[in-house]
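Heads up, the thing below is written out as structure tokens.
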2 protein chains.
Amino acid sequence: MNRANTFWTGEETPMGTTSKALTLLDYFTISRPQIGLSDLARLSGANKATCYRLMSELMEHGLVEQVAGSKEYRIGPAVLRLAALREATVPTREAALPLLQALAVATGETAHMSHLVAGQLVTLSYAYPAAHGMRVMMEDADRLPFHSTSSGHAVMGWLPADTVAQILAGPLPAPAGLVQITASDLADRIARARATGWASTANTFEADVSSFAVPLFDAQGQVQGALAVAVAGPRLTEAAEQTIPRQLIAAARAIMALWGGQIPPELSALWRITEQPTEKVQG
Amino acid sequence: MNRANTFWTGEETPMGTTSKALTLLDYFTISRPQIGLSDLARLSGANKATCYRLMSELMEHGLVEQVAGSKEYRIGPAVLRLAALREATVPTREAALPLLQALAVATGETAHMSHLVAGQLVTLSYAYPAAHGMRVMMEDADRLPFHSTSSGHAVMGWLPADTVAQILAGPLPAPAGLVQITASDLADRIARARATGWASTANTFEADVSSFAVPLFDAQGQVQGALAVAVAGPRLTEAAEQTIPRQLIAAARAIMALWGGQIPPELSALWRITEQPTEKVQG
DNA sequence: TCCCGTTGGTTTATTATTTGAACCGATGGT
DNA sequence: ACCATCGGTTCAAATAATAAACCAACGGGA
């Protein structure tokens with residue numbers, strides 16, 4: 001009797017064929033938008049033939065397509081239909097966008113919103129304060145690491161303990177030239193995020209960038225993502241450190257009002273205390 | 001020995017598991033955005049257990065999610081990441097949108113662009129001429145029938161013959177109270193679309209709506225979709241019938257210039273003849 | 001309150017599908 | 001002319017998917 005196919009993930013629980021196919025999609029990122037067959041097989045650890053068949057099936061449905069010349073694969077047009085359908089069903093993105101823009105203007109910094117999807121934190125919208133000037137740049141569809149971003153900390157503060165443990169079980173990537181976060185430091189930060197209702201980091205994800213974040217909840221009171229402001233290092237004044245969390249809270253409240261999101265009572269109390277007289281962010 | 005599993009599609013070619021899972025996604029539409037397990041099993045003809053497992057796998061990856069109260073499934077947030085990635089890789093939608101808007105304004109009617117994805121024609125962008133007034137309404141992520149829309153005719157005119165045959169092999173749905181298109185009529189319309197470079201229909205898809213369409217091509221000269229203008233019946237003057245095809249052609253040219261789309265020489269010649277002195281649609 | 005049909009979800013042996021190593025022809029660099 | 005690599009294919013061996021029956025829970029209707 002042979003071993004179960006642990007080649008793929010190293011897990012012992014067998015992985016459904018569909019999951020394997022969908023896992024392949026995860027290798028496509030902003031920085032690697034096109035992948036050839038052999039590369040993909042190497043990246044995923046799957047057999048080339050397997051990879052080929054799975055990609056063929058994904059291609060049949062338009063989830064991926066092959067670029068004409070090189071035969072490399074890339075994300076296909078079908079996802080546009082699905083995304084349009086998703087937004088029509090649950091208008092998270094579009095509804096929140098004006099509020100995100102208002103937040104960017106109010107703070108004078110880059111604002112972004114990330115969503116928790118399949119255990120990962122993905123940036124899905126962002127807004128800049130103005131058309132020009134120095135700013136922290138964002139990219140859509142980028143995955144944020146949980147351990148080195150304020151968004152990650154804010155989210156983990158309100159995630160079930162076992163889910164957090166699962167995330168922390170993964171490796172802590174070591175960012176070159178940045179502030180390194182140790183495991184115990186991280187636990188501390190998560191606890192603080194929960195205790196204060198917001199999180200902040202400095203120079204942990206990108207150099208000379210500080211960021212502040214608050215969690216976002218869905219209608220069932222489950223964490224759904226985070227709202228964050230990324231401040232360009234030189235502009236991080238003491239005043240900014242005071243006001244930004246408040247503005248974040250106000251904006252998060254407004255966004256969740258749109259979604260029908262439920263703020264956990266515990267957090268709601270924290271936010272009531274923190275949110276001193278400050279003008280509301282208006283959409 | 002049992003028969004191969006022909007239950008699913010009636011086809012004799014066996015269907016990969018991944019395809020079966022992805023097929024389930026097709027049952028989610030604008031008009032039916034949420035589906036319960038039993039319903040989905042009935043709709044798809046799949047076994048309930050099968051359906052359950054497939055949906056579970058899709059759910060693991062965030063392609064679908066369950067709404068909290070009813071346990072019904074709906075399209076999940078992961079598609080947003082994929083769509084953002086797609087647009088970052090191949091900016092079809094966003095790039096064309098301003099031109100689409102210009103076309104709507106120029107014609108004074110609703111303009112829309114549909115894409116060919118996995119053998120289906122899906123509306124992915126549209127633009128209205130003004131904020132108010134009578135207009136033909138569109139919906140994103142809607143599938144257009146090939147046989148009763150000008151977009152369908154325009155596209156089929158430039159599709160390989162066998163692909164067209166495959167499409168026509170399907171049933172011709174009978175729209176209630178509209179002009180019925182017979183099989184021979186349809187063949188005629190497709191031929192005309194190819195011969196003239198554009199297609200038009202009246203009262204075939206929606207009552208009191210006429211529409212005009214031209215095909216769109218990708219960088220390899222393959223039909224990729226259609227650009228169309230839908231005219232509210234009462235406004236369909238003879239002048240409009242003259243100018244709209246020209247405006248469509250101009251806009252299609254502009255859009256394909258953005259994509260690097262290749263117009264087949266045969267069509268290019270047709271369009272050169274048709275496109276008499278008329279002001280270019282400007283993005 | 002009892003019934004009955006429905007729901008989402010689970011279990012099982014049976015069955016068909018997926019898998020991986022080897023192989024192919026084409027392509028491109030040296 | 002060579003070698004390495006590419007995308008794609010083949011086939012027996014091993015695996016995972018399937019379908020029917022079965023739950024418990026829910027929601028009307030009588």
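Just so we're clear, the structure is a prediction, and the values are computed from it rather than from any experiment. Quick note: numbers below take in every heavy atom, side chains included, and nothing from hydrogens, waters or symmetry partners. Quick note on labels: first sequence line is chain A, next is B, and so on, each numbered from 1.
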Say whether, by atom type as modelled, one donor and one acceptor occur between the side chain of [X] and the main chain of [Y] under 3.5 angstrom.
X	Y	value
A/E87	A/R93	yes
A/Q262	A/Q220	no
B/R143	B/Q120	no
A/S44	A/L40	yes
B/S268	B/P264	no

From the list [options], which nucleotide is the closest neighbour of the side chain of [X]?
X	options	value
A/T50	C/dG20, D/dA17, D/dG7	C/dG20
A/K20	D/dT18, C/dT19, D/dG8	C/dT19
B/K48	C/dT18, D/dT18, D/dC22	D/dC22
B/T17	C/dT17, C/dT19, C/dT11	C/dT17
A/A49	C/dG20, C/dT19, C/dG8	C/dG20

Please state whether the phosphate of C/dG8, meaning OP1 or OP2, lies under 4.0 angstrom from any side-chain nitrogen or oxygen of B/Y52.
->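 So the side-chain polar atoms of B/Y52 never come under 4.0 Å of the phosphate oxygens OP1 or OP2 of C/dG8.
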Note to self: Strictly below 4.0 Å: does A/S38 bring a side-chain N or O up to OP1 or OP2 of D/dT5?
What the structure shows: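 A/S38 to D/dT5 OP1/OP2: no side-chain N or O under 4.0 Å.
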Could you tell me the separation between the [atom1] atom of [X] and the [atom2] atom of [N], rounded to a whole number of Å?
X	N	atom1	atom2	result
A/D39	D/dT5	CG	P	12 Å
B/R53	C/dA16	CZ	C1'	13 Å
A/M15	C/dT19	CE	P	11 Å
A/L24	C/dT19	CG	P	10 Å
A/N47	C/dC23	CG	C1'	13 Å
B/Y73	C/dT7	OH	P	13 Å
A/L54	D/dA16	CG	C1'	13 Å
A/M55	D/dG7	CE	C1'	13 Å

Review point. Side chains of A/S151 and A/T149: donor-acceptor distance under 3.5 Å anywhere?
Key: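 No - no donor-acceptor pair under 3.5 Å links their side chains.
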Next on the checklist: Can you tell whether the side chains of A/R86 and B/E65 come within less than 4.0 Å, N to carboxylate O?
Outcome noted: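 Here A/R86 pairs with B/E65 in a salt bridge, since their nearest N and O are under 4.0 Å apart.
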*asked:* Both B/E57 and A/E72 contact DNA chain D. Which one's nearest nucleotide lies toward the 5' end?
replied: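 Closer to the 5' end of DNA chain D: A/E72.
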Angle between the two end axes of the helix from C/dT1-D/dA30 to C/dT30-D/dA1, five base pairs per end, rounded to 10 degrees?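 Both end axes considered, the difference amounts to 50°.
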Tell me what A/Q66 touches on the nucleic acid: a base, only sugar-phosphate, or nothing, going by heavy atoms under 4.0 Å.
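Touches sugar-phosphate only.
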